[in-house]
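Step one of this worksheet: look at the structure below.
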Amino acid sequence: MSARSHAVAAHLREVLRVPEVPGDRYQIRERVGEGGMGVVYRAFDRLLGREVALKVVRPDVDPEAFTHRLRREAEILARLEHPGIVPVHDAGVLADGRAFYVMKLVRGGRLDEVAAGQGRAATLRLLLRVCDAVASAHAQGIVHRDLKPANVMIGPFGEVLVLDWGIARILREPGEGPAVPGTPPANPAQPDDTAPGAALGTPGFMAPEQGRGDGSQVDTRADIFALGEVLRTLAGPDAPPALRAIVARAKAGDPAARYPTVEAFAADVAAFLDGLPVAAYREPVSERLARLYGRYQTPILLVVAYLVMRLLFLALRGL
Amino acid sequence: MQPDAPPYVTSPVGFPLTGQTLLQRLAAADAGERARGHEVLARLYWRPVYTHLRLKWRLAPPDAEDLTQEFLAGLCADDTLRTFDPARGRFRTFLRGCLDHQVANARRAGQRLKRGGGATHLSLDFAGAERDLAGGAVDGEAVLEARFRAEWVAALFATALEEFRHRAADGRHAVHLALFERYDLGPASGAERPTYAELAREFALPATQVTNFLAWARREFRRALLDTLRAGCASEEEFRAEARELLGTDAP
Ligand SMILES: Nc1ncnc2c1ncn2[C@@H]1O[C@H](COP(=O)(O)OP(=O)(O)OP(=O)(O)O)[C@@H](O)[C@H]1O
Ligand SMILES: [Mg+2]
């Protein structure tokens, strides 16, 4: 072994690291992010003359197991057409056999980063958009199972895109009719439920039934649990009681005690934002008055001002 | 000999290296399996050990050579490896610690580092290691650690390459191997990397074939590398961490 061995090692590491896409359609430009399953690159699509995001299986994991997962993610993304879900453009296999797919390149930041730089109300409005995307997936029989702020990107024009459908669960195939929460999914044993290498989901965001690893018990309500945790992290430590009640209801240990649908959860968050009563929270009279005051501040002040003027006028007249 | 086969081991390693970690092999009931473990240990670690002895302890080459042999043989003979505690760091760091300990003890005892010591002599290319040492002694733990790792990485890739060539020599993959040597190893020796179209002409193959054959070769090489790495790591966890560092996109 000589200095050449060091050069060979360095070169082979490079060969194994930078993905080589066969053909000359895509030119890899730079790495933009990575997770437990994949690495995402910014690439140039020469055919259409635009930049795209190219996600490949990480170079350091068992390619077989994760190739399957990445392919499935691409298929699910292709099925879920929604402005809040990143569109997939192409899929294939790298020169070394790893799977990849090409999707819209999202510029901008992750929800957790964006939230850190803005007020609570603005962030909660972004959360409502996340809910729209998730509700649309649920309507198509797909549970995300890994919702968390790091898996949501916010584009430069405030567009909200939910990423990372790698461990999503297909509750039913298209045309099978709506899923009813609590009924066992149509295809309980999905190959992915036993994918090696990673616990499926993220601790803290994972519903208890999902944490137990029993894939067949997981339905749309696991996503509602995760959205509850997202709300908790976004609302901050000084969240008002009504928001805390929404979080508590979404994160109930028993799936049946949670909001039945993402829409119901979103409706409560929207009610909070609009200063309306929140279904999950029975407020004390004092808080109710405070909320009403907050909501009707201007008319209340006008009436009070009028009454004060009126009293003053009467008092002056009486003198 | 292959152009870049590691010249320091003359006997063939007990291929294929699949499934087990180093410590599992060294503790195996089967003597053949244990011998394979020793072989992997020597192949991946002799060079870091030798370089470390020269750079940190400034041993003269003959002393460093003897101690390298003795150290590797000793590791396999006694219970040192059983004291490895994965909670306290990487196996590589543990080995370096054992080595330092052994040298320091010998020095404290005022003992001249003994020659030979009855160790089985592996055929190691010390002259080659010596050529790469130009620059003399190195100070600082961080530098020594980095150097130890670099030697280990080079040995790992060389061994993986040998393992890969061995696997490709099944009579069905000669062209795959030749393409890989030309396309992926050529540039390391300063050659210009050809395009797939040029390769297709050169090898008189359809371009799609070039793509497929190279895909096979890279996939198999990656597999050989990961197998060799696992065979040289103390545990599955360590294997995964090392794999991430070596091949992860943010690897140093
Ligand atoms: N379309 C995209 N455009 C820009 N950046 C992206 C895009 N998709 C993913 N990323 C970046 O790459 C990172 C990793 O992507 P992703 O979460 O999909 O990978 P993963 O391996 O499936 O992750 P996880 O470990 O969460 O399962 C993201 O956090 C994000 O920063
Ligand atoms: Mg992610």
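Residue numbers start from 1 in every chain, and the chains themselves are labelled A, B, ... in the order their sequence lines are given, proteins ahead of strands. No experiment lies behind these values; they were computed from the predicted model shown.
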| said: Check this for me: B:E198, atom CD, are more than 12 non-hydrogen atoms of other residues, nucleotides or ligands nearer than 6.0 Å? | reply: yes
| task | Would you mind reporting whether A:L12 and B:L185 have side-chain heavy atoms less than 4.5 Å apart? | result |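 Yes, their side chains come closer than 4.5 Å.
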| field | B:R222 and A:R98, any side-chain heavy atoms less than 4.5 Å apart | value | yes
| Under 4.5 Å from any heavy atom of chain A - which part of B:L225 |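 B:L225 touches chain A through side-chain heavy atoms alone.
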| Of the backbone (N, CA, C, O) and the side chain (C-beta and beyond), which part of B:F239 lies under 4.5 Å from a heavy atom of chain A, both, or neither? | neither
| query | Ignoring hydrogens and geometry, is there a side-chain-to-backbone donor-acceptor pair from A:H6 to B:E151 under 3.5 Å? | reply | no
| note | A:A9 and B:A154 have their tightest heavy-atom pair at CB-CA, 4.0 Å
| Which is it for B:V153 and A:R13 under the side chain to side chain contact (heavy atoms under 4.5 Å, CB included) test, yes or no, and what are the steps along the way? | CA-CA 10 Å; B:V153 168; A:R13 265 173 88 177; 4.1 Å; yes
| field | Euclidean distance, A:L16 CG relative to B:D184 CG, rounded to 0.5 Å | value |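 Reported value, rounded in 0.5 Å steps: 8.0 Å.
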